[in-house]
Amino acid sequence: MMQRILHGHFWTVAPWLKHQIRAPRLAPSSPFSVHVDETPAGPVRLLGRIRHREDAGSILVIVHGLGGTSESYYVVEAALMAERAGLACLRINLRGAGGDGDDIYHAGLFSDLHAAITSPELGRYERVLVLGYSLGGHIALRYAASGSLDGRVHAVAAVCPPLDLERAVAAIDQPERWVYRRHVMAGLKEMYTAVASRRAVPVPLDEALAIRTIREWDRRIMTRRFGYQSAEAYYASESAAPRLGDIAVPSLIVAAEADPMVPLDTVRPAIEAHPRSPLLDVQWLRRGGHVGFPRTLSLGFGAAPGLESQVIHWLTRN
(Lines give C-alpha, C1' and ligand atoms only; values in the text may rest on other atoms or scores of the structure.)
Protein backbone atom coordinates (compact mmCIF):
# COMPACT_ATOMS: atom_id res chain seq x y z
CA MET A 1 0.00 0.00 0.00
CA MET A 2 2.75 2.47 0.97
CA GLN A 3 4.62 1.70 -2.25
CA ARG A 4 1.51 2.47 -4.30
CA ILE A 5 0.98 5.75 -2.42
CA LEU A 6 4.58 6.83 -3.00
CA HIS A 7 4.31 5.83 -6.66
CA GLY A 8 1.25 8.07 -7.08
CA HIS A 9 2.96 11.01 -5.43
CA PHE A 10 6.10 10.58 -7.54
CA TRP A 11 4.23 10.57 -10.85
CA THR A 12 2.15 13.54 -9.80
CA VAL A 13 5.14 15.69 -8.84
CA ALA A 14 8.01 14.50 -11.05
CA PRO A 15 6.56 15.44 -14.48
CA TRP A 16 5.59 18.88 -13.17
CA LEU A 17 9.08 19.40 -11.72
CA LYS A 18 10.74 18.28 -14.94
CA HIS A 19 8.68 20.83 -16.88
CA GLN A 20 9.75 23.61 -14.47
CA ILE A 21 13.40 22.77 -15.05
CA ARG A 22 13.20 22.42 -18.81
CA ALA A 23 9.95 23.03 -20.65
CA PRO A 24 9.75 21.51 -24.13
CA ARG A 25 9.54 23.80 -27.14
CA LEU A 26 6.23 23.78 -28.96
CA ALA A 27 5.63 24.41 -32.64
CA PRO A 28 4.66 28.03 -33.43
CA SER A 29 1.10 28.91 -32.45
CA SER A 30 -1.15 31.96 -32.68
CA PRO A 31 -3.34 33.76 -30.14
CA PHE A 32 -6.91 32.50 -29.99
CA SER A 33 -9.87 34.55 -28.80
CA VAL A 34 -13.63 34.10 -28.75
CA HIS A 35 -16.49 35.68 -26.80
CA VAL A 36 -19.26 33.90 -24.91
CA ASP A 37 -22.34 36.10 -24.66
CA GLU A 38 -24.32 34.44 -21.89
CA THR A 39 -24.04 36.50 -18.75
CA PRO A 40 -25.94 39.52 -17.38
CA ALA A 41 -22.60 41.33 -17.29
CA GLY A 42 -22.20 40.94 -21.05
CA PRO A 43 -19.81 38.96 -23.26
CA VAL A 44 -17.02 36.97 -21.61
CA ARG A 45 -13.73 36.68 -23.45
CA LEU A 46 -11.93 33.32 -23.77
CA LEU A 47 -8.29 33.12 -24.80
CA GLY A 48 -5.85 30.42 -25.75
CA ARG A 49 -3.23 29.34 -28.27
CA ILE A 50 -4.00 27.67 -31.59
CA ARG A 51 -1.73 25.74 -33.91
CA HIS A 52 -3.25 25.58 -37.39
CA ARG A 53 -2.07 22.99 -39.90
CA GLU A 54 -3.03 23.31 -43.54
CA ASP A 55 -2.74 19.55 -43.99
CA ALA A 56 -5.03 18.71 -41.04
CA GLY A 57 -8.73 17.96 -41.21
CA SER A 58 -8.94 17.38 -37.46
CA ILE A 59 -8.16 19.55 -34.46
CA LEU A 60 -7.48 18.53 -30.87
CA VAL A 61 -8.96 20.86 -28.24
CA ILE A 62 -7.16 20.55 -24.89
CA VAL A 63 -8.78 21.66 -21.62
CA HIS A 64 -6.70 22.30 -18.49
CA GLY A 65 -7.56 21.40 -14.92
CA LEU A 66 -8.61 23.45 -11.87
CA GLY A 67 -6.12 26.26 -11.32
CA GLY A 68 -4.30 25.35 -14.54
CA THR A 69 -3.82 27.16 -17.84
CA SER A 70 -3.04 26.48 -21.48
CA GLU A 71 0.64 26.46 -20.41
CA SER A 72 0.28 23.69 -17.81
CA TYR A 73 2.80 20.94 -18.41
CA TYR A 74 0.27 18.25 -19.25
CA VAL A 75 -1.43 20.55 -21.79
CA VAL A 76 1.94 21.26 -23.42
CA GLU A 77 2.73 17.54 -23.51
CA ALA A 78 -0.58 16.80 -25.22
CA ALA A 79 0.08 19.58 -27.75
CA LEU A 80 3.45 18.02 -28.57
CA MET A 81 1.80 14.66 -29.22
CA ALA A 82 -0.91 16.31 -31.33
CA GLU A 83 1.82 17.81 -33.50
CA ARG A 84 3.44 14.42 -33.97
CA ALA A 85 0.06 12.93 -34.88
CA GLY A 86 -0.48 15.56 -37.58
CA LEU A 87 -3.36 17.27 -35.77
CA ALA A 88 -4.09 20.96 -35.45
CA CYS A 89 -4.35 21.94 -31.79
CA LEU A 90 -6.17 24.47 -29.61
CA ARG A 91 -5.06 24.95 -26.02
CA ILE A 92 -8.00 26.80 -24.53
CA ASN A 93 -7.99 28.82 -21.32
CA LEU A 94 -11.28 28.54 -19.49
CA ARG A 95 -12.67 31.96 -18.59
CA GLY A 96 -10.29 33.77 -16.28
CA ALA A 97 -7.44 31.25 -16.58
CA GLY A 98 -4.03 32.49 -17.62
CA GLY A 99 -4.55 35.93 -16.10
CA ASP A 100 -6.17 37.41 -19.21
CA GLY A 101 -9.84 36.57 -18.87
CA ASP A 102 -12.87 38.48 -17.68
CA ASP A 103 -14.62 36.01 -15.37
CA ILE A 104 -14.25 32.76 -13.41
CA TYR A 105 -15.34 29.26 -14.43
CA HIS A 106 -16.97 26.35 -12.61
CA ALA A 107 -16.86 22.56 -12.90
CA GLY A 108 -19.89 22.24 -15.17
CA LEU A 109 -19.40 25.28 -17.37
CA PHE A 110 -19.03 23.48 -20.70
CA SER A 111 -20.34 26.52 -22.60
CA ASP A 112 -16.74 27.79 -22.78
CA LEU A 113 -15.71 24.61 -24.55
CA HIS A 114 -18.70 24.79 -26.88
CA ALA A 115 -17.95 28.42 -27.74
CA ALA A 116 -14.35 27.59 -28.62
CA ILE A 117 -15.33 24.64 -30.79
CA THR A 118 -18.03 26.55 -32.67
CA SER A 119 -15.89 29.66 -33.16
CA PRO A 120 -15.25 30.70 -36.79
CA GLU A 121 -11.54 29.98 -36.40
CA LEU A 122 -12.26 26.25 -36.00
CA GLY A 123 -14.73 26.20 -38.88
CA ARG A 124 -12.13 24.86 -41.30
CA TYR A 125 -11.83 21.53 -39.45
CA GLU A 126 -14.09 18.58 -40.25
CA ARG A 127 -13.43 16.72 -37.00
CA VAL A 128 -12.99 17.99 -33.45
CA LEU A 129 -11.41 15.83 -30.74
CA VAL A 130 -11.51 16.90 -27.09
CA LEU A 131 -8.97 16.02 -24.41
CA GLY A 132 -9.53 17.29 -20.86
CA TYR A 133 -7.39 16.86 -17.77
CA SER A 134 -8.67 16.67 -14.19
CA LEU A 135 -11.47 19.25 -13.89
CA GLY A 136 -11.06 19.94 -17.61
CA GLY A 137 -11.84 16.27 -18.17
CA HIS A 138 -14.95 16.65 -16.03
CA ILE A 139 -16.05 19.61 -18.17
CA ALA A 140 -15.37 17.63 -21.35
CA LEU A 141 -17.56 14.77 -20.10
CA ARG A 142 -20.33 17.18 -19.13
CA TYR A 143 -20.20 18.53 -22.67
CA ALA A 144 -20.30 15.02 -24.14
CA ALA A 145 -23.49 14.37 -22.13
CA SER A 146 -25.06 17.79 -22.62
CA GLY A 147 -27.21 17.15 -25.67
CA SER A 148 -25.76 20.29 -27.27
CA LEU A 149 -22.62 18.84 -28.85
CA ASP A 150 -21.36 20.38 -32.04
CA GLY A 151 -21.79 17.77 -34.77
CA ARG A 152 -18.08 17.80 -35.62
CA VAL A 153 -17.09 16.49 -32.17
CA HIS A 154 -16.16 12.85 -32.83
CA ALA A 155 -14.61 11.77 -29.53
CA VAL A 156 -13.82 12.96 -26.00
CA ALA A 157 -11.18 11.82 -23.51
CA ALA A 158 -10.88 12.71 -19.82
CA VAL A 159 -7.68 12.03 -17.87
CA CYS A 160 -8.01 11.77 -14.07
CA PRO A 161 -11.39 13.54 -13.92
CA PRO A 162 -13.29 14.00 -10.67
CA LEU A 163 -16.75 12.59 -11.34
CA ASP A 164 -18.43 13.17 -7.99
CA LEU A 165 -17.56 16.73 -6.99
CA GLU A 166 -18.69 16.30 -3.37
CA ARG A 167 -16.39 13.31 -2.85
CA ALA A 168 -13.52 14.90 -4.77
CA VAL A 169 -13.60 18.15 -2.78
CA ALA A 170 -13.84 16.27 0.52
CA ALA A 171 -10.74 14.31 -0.48
CA ILE A 172 -8.51 17.18 -1.60
CA ASP A 173 -9.46 19.22 1.46
CA GLN A 174 -8.04 16.54 3.77
CA PRO A 175 -5.03 17.77 5.80
CA GLU A 176 -2.64 15.24 4.23
CA ARG A 177 -3.28 16.71 0.77
CA TRP A 178 -2.39 20.27 1.76
CA VAL A 179 0.49 20.50 -0.74
CA TYR A 180 -1.76 19.71 -3.71
CA ARG A 181 -4.57 21.89 -2.38
CA ARG A 182 -2.19 24.80 -1.94
CA HIS A 183 -0.95 24.39 -5.51
CA VAL A 184 -4.49 24.41 -6.91
CA MET A 185 -5.53 27.32 -4.70
CA ALA A 186 -2.53 29.33 -5.89
CA GLY A 187 -3.76 29.02 -9.47
CA LEU A 188 -7.30 29.96 -8.50
CA LYS A 189 -6.15 33.00 -6.55
CA GLU A 190 -3.93 34.17 -9.39
CA MET A 191 -6.93 33.96 -11.71
CA TYR A 192 -9.20 35.74 -9.23
CA THR A 193 -6.67 38.55 -8.73
CA ALA A 194 -6.51 39.16 -12.48
CA VAL A 195 -10.29 39.13 -12.87
CA ALA A 196 -10.69 41.48 -9.89
CA SER A 197 -8.53 44.01 -11.70
CA ARG A 198 -11.07 44.14 -14.55
CA ARG A 199 -14.52 43.75 -13.04
CA ALA A 200 -16.53 43.35 -9.85
CA VAL A 201 -15.96 40.02 -8.11
CA PRO A 202 -18.16 38.02 -5.69
CA VAL A 203 -16.06 38.74 -2.57
CA PRO A 204 -13.34 41.32 -1.89
CA LEU A 205 -9.91 40.27 -3.12
CA ASP A 206 -8.28 40.23 0.32
CA GLU A 207 -10.98 37.86 1.61
CA ALA A 208 -10.60 35.56 -1.40
CA LEU A 209 -6.83 35.39 -0.94
CA ALA A 210 -7.32 34.27 2.66
CA ILE A 211 -9.39 31.20 1.70
CA ARG A 212 -7.61 27.91 2.46
CA THR A 213 -9.89 25.09 1.22
CA ILE A 214 -11.68 24.27 -2.02
CA ARG A 215 -15.03 23.91 -0.23
CA GLU A 216 -14.72 27.34 1.31
CA TRP A 217 -13.78 28.76 -2.09
CA ASP A 218 -16.88 27.19 -3.60
CA ARG A 219 -19.10 28.23 -0.69
CA ARG A 220 -18.01 31.85 -0.67
CA ILE A 221 -17.24 32.51 -4.34
CA MET A 222 -18.90 29.99 -6.66
CA THR A 223 -22.27 30.15 -4.93
CA ARG A 224 -22.36 33.94 -5.12
CA ARG A 225 -21.10 34.17 -8.68
CA PHE A 226 -23.36 31.47 -10.15
CA GLY A 227 -26.37 31.51 -7.85
CA TYR A 228 -26.15 28.10 -6.15
CA GLN A 229 -27.85 27.74 -2.76
CA SER A 230 -24.74 26.13 -1.26
CA ALA A 231 -21.49 24.47 -2.20
CA GLU A 232 -23.23 21.11 -1.81
CA ALA A 233 -26.00 22.21 -4.18
CA TYR A 234 -23.32 23.22 -6.68
CA TYR A 235 -21.68 19.79 -6.47
CA ALA A 236 -24.98 17.96 -6.84
CA SER A 237 -26.05 20.11 -9.78
CA GLU A 238 -22.84 19.92 -11.79
CA SER A 239 -21.27 16.50 -11.12
CA ALA A 240 -20.70 14.42 -14.23
CA ALA A 241 -21.34 11.02 -12.61
CA PRO A 242 -25.17 11.04 -12.88
CA ARG A 243 -24.86 11.99 -16.56
CA LEU A 244 -22.49 9.24 -17.72
CA GLY A 245 -25.45 7.44 -19.29
CA ASP A 246 -26.17 10.47 -21.48
CA ILE A 247 -22.79 10.57 -23.21
CA ALA A 248 -23.48 10.83 -26.93
CA VAL A 249 -20.04 10.36 -28.56
CA PRO A 250 -17.24 7.84 -28.00
CA SER A 251 -15.66 8.91 -24.71
CA LEU A 252 -12.72 7.66 -22.69
CA ILE A 253 -12.00 8.00 -18.97
CA VAL A 254 -8.45 7.29 -17.82
CA ALA A 255 -8.13 7.00 -14.03
CA ALA A 256 -5.01 6.18 -12.00
CA GLU A 257 -5.48 3.89 -9.02
CA ALA A 258 -2.74 5.76 -7.10
CA ASP A 259 -3.94 9.28 -7.98
CA PRO A 260 -3.33 11.35 -4.80
CA MET A 261 -5.49 14.32 -5.90
CA VAL A 262 -8.55 12.56 -7.31
CA PRO A 263 -8.37 9.32 -5.30
CA LEU A 264 -9.67 5.99 -6.52
CA ASP A 265 -12.30 5.85 -3.76
CA THR A 266 -13.92 9.01 -5.13
CA VAL A 267 -13.99 7.86 -8.76
CA ARG A 268 -14.85 4.16 -8.77
CA PRO A 269 -18.01 4.51 -6.62
CA ALA A 270 -19.17 7.37 -8.83
CA ILE A 271 -18.85 5.21 -11.94
CA GLU A 272 -20.39 2.13 -10.36
CA ALA A 273 -23.38 4.00 -8.91
CA HIS A 274 -24.72 5.31 -12.22
CA PRO A 275 -25.66 3.90 -15.63
CA ARG A 276 -22.95 4.20 -18.27
CA SER A 277 -23.36 4.94 -21.94
CA PRO A 278 -22.21 2.09 -24.21
CA LEU A 279 -20.03 4.74 -25.86
CA LEU A 280 -17.99 5.20 -22.66
CA ASP A 281 -14.70 3.33 -22.18
CA VAL A 282 -13.07 3.38 -18.72
CA GLN A 283 -9.40 2.50 -18.29
CA TRP A 284 -8.00 1.94 -14.79
CA LEU A 285 -4.23 2.34 -14.54
CA ARG A 286 -2.08 0.82 -11.81
CA ARG A 287 0.83 3.08 -12.78
CA GLY A 288 0.92 6.86 -12.64
CA GLY A 289 -0.35 9.70 -10.47
CA HIS A 290 -2.55 12.72 -11.11
CA VAL A 291 -2.22 13.52 -14.85
CA GLY A 292 1.38 12.30 -14.75
CA PHE A 293 2.45 8.88 -16.06
CA PRO A 294 5.56 6.89 -17.04
CA ARG A 295 6.56 7.36 -20.68
CA THR A 296 6.50 3.59 -21.13
CA LEU A 297 2.81 3.35 -20.24
CA SER A 298 0.54 1.57 -22.69
CA LEU A 299 -3.25 1.34 -22.74
CA GLY A 300 -3.12 -1.40 -25.35
CA PHE A 301 -4.39 0.84 -28.14
CA GLY A 302 -1.63 -0.07 -30.57
CA ALA A 303 0.11 3.31 -30.53
CA ALA A 304 3.52 4.43 -29.36
CA PRO A 305 3.95 4.25 -25.57
CA GLY A 306 3.12 7.25 -23.40
CA LEU A 307 -0.29 8.33 -22.14
CA GLU A 308 -0.80 11.24 -24.55
CA SER A 309 0.20 9.17 -27.58
CA GLN A 310 -2.14 6.39 -26.53
CA VAL A 311 -5.09 8.69 -25.81
CA ILE A 312 -4.66 10.70 -29.01
CA HIS A 313 -4.51 7.45 -30.97
CA TRP A 314 -7.79 6.40 -29.33
CA LEU A 315 -9.38 9.74 -30.16
CA THR A 316 -8.33 9.73 -33.80
CA ARG A 317 -9.58 6.20 -34.48
CA ASN A 318 -13.11 7.08 -33.29
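- Using a 4.5 Å cut-off on side-chain heavy atoms (C-beta onward), I247 and R243 make no contact.
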Exercise for review: Carefully, step by step, assess S29 and I50 under the rule side-chain contact (heavy atoms from CB on, under 4.5 Å).
Suggested key: CA-CA 5 Å; S29 61; I50 192 164; 6.0 Å; no
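- With no hydrogens or angles considered, no side-chain donor-acceptor pair links E238 and H138 at under 3.5 Å.
- Formation of a donor-acceptor pair under 3.5 Å by the R224 side chain with backbone atoms of R220 is found in this model.
- Residues V44 and Y105 fail the side-chain proximity criterion, which asks for heavy atoms closer than 4.5 Å.
- Without hydrogens or angle criteria, S239 side chain to A241 main chain gives no donor-acceptor distance under 3.5 Å.
- A distance of 6.0 Å or more separates the ring centres of H313 and F301.
- Within the 4.5 Å cutoff, no side-chain heavy atoms of D112 are placed close to those of Y143.
- Between H9 and Y180, a ring centre-to-centre spacing shorter than 6.0 Å is recorded.
- Heavy atoms of other residues, nucleotides or ligands lying less than 6.0 angstrom from CZ of R198 number more than 12.
- Within the 4.5 Å cutoff, the side chain of S119 has heavy atoms near those of the F32 side chain.
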Review point. Run the side-chain contact (heavy atoms from CB on, under 4.5 Å) check on V184 and M261 step by step: do they pass?
Key: CA-CA 10 Å; V184 171; M261 293 183 70; 3.7 Å; yes
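- When side chains are defined from C-beta on, E121 does not count as touching V34, because their heavy atoms never get closer than 4.5 Å.
- The CG atom of L66 sits 10.0 Å away from atom NE2 of H183, with the distance rounded to the nearest 0.5 Å.
- Other residues, nucleotides and ligands place more than 12 heavy atoms under 6.0 Å from the CH2 atom of W284.
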Practice item. I would like to know whether T296 and R287 meet side-chain contact (heavy atoms from CB on, under 4.5 Å); could you show each step before the answer? Key: CA-CA 10 Å; T296 56; R287 303 175 65 198; 3.3 Å; yes
Exercise for review: Apply side-chain contact (heavy atoms from CB on, under 4.5 Å) to the pair V203 and Y192, showing each step before the final yes or no.
Suggested key: CA-CA 10 Å; V203 303; Y192 196 84; 3.4 Å; yes
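- The main-chain N or O of A231 is never found under 3.5 Å from a side-chain atom of D218 such that the two would form a donor-acceptor pair.
- Of the possible donor and acceptor atoms, none in the side chain of R51 sits under 3.5 Å from a partner among the backbone N and O of R91.
- Using a 4.0 Å cut-off between a side-chain N of Lys or Arg and a carboxylate O of Asp or Glu, E166 and R215 qualify as a salt bridge.
- V169 and L94 end up in the same hydrophobic cluster when Ile, Leu, Val, Met, Phe, Trp and Tyr side chains are linked at under 4.5 Å.
- Hydrophobic clustering places L46 together with V153 (ILVMFWY residues linked when any side-chain heavy atoms are closer than 4.5 Å, directly or through intermediates).
- Around atom CD of Q229, no more than 12 heavy atoms belonging to other residues, nucleotides or ligands sit under 6.0 Å away.
- At least one side-chain heavy atom of P24 sits less than 4.5 Å from a side-chain heavy atom of V76.
- The cluster map of Ile, Leu, Val, Met, Phe, Trp and Tyr, joined by side-chain heavy atoms under 4.5 Å apart, puts I139 and Y235 in the same cluster.
- A single hydrophobic cluster is seen to contain both M81 and L26, as judged by linkage of ILVMFWY side chains at heavy-atom distances under 4.5 Å, directly or through other members.
- Grouping the Ile, Leu, Val, Met, Phe, Trp and Tyr side chains by contacts below 4.5 angstrom, directly or via other members, places I59 apart from L129.
- By the 6.0 Å contact criterion, CD on Q20 is enclosed, its count of non-hydrogen atoms from other residues, nucleotides or ligands being greater than 12.
- Proximity of a side-chain donor or acceptor of R152 to a complementary backbone N or O of L122 within less than 3.5 Å is detected.
- Taking 4.0 Å as the cut-off between side-chain N and carboxylate O, E77 and R295 count as a salt-bridged pair.
- A side-chain donor-acceptor contact under 3.5 Å links H290 and S134.
- In this structure, M185 and R212 have side chains that are not in contact, with every pair of non-hydrogen atoms separated by 4.5 Å or more.
- Put simply, the side chain of T213 gets close to the backbone of E216: a donor and an acceptor are under 3.5 Å apart.
- Taking the six-membered ring where tryptophan is involved, the planes of Y133 and Y74 are tilted, since the angle between them lies from 30° to 60°.
- No side-chain heavy atom of V179 sits less than 4.5 Å from a side-chain heavy atom of V13.
- Within the 3.5 Å criterion, the main-chain N or O of E83 finds a donor-acceptor partner in the side chain of R53.
- The ring pair (Phe, Tyr, Trp, His ring centres under 6.0 Å) test with Y234 is passed by exactly one of Y228, W217, F226: Y228.
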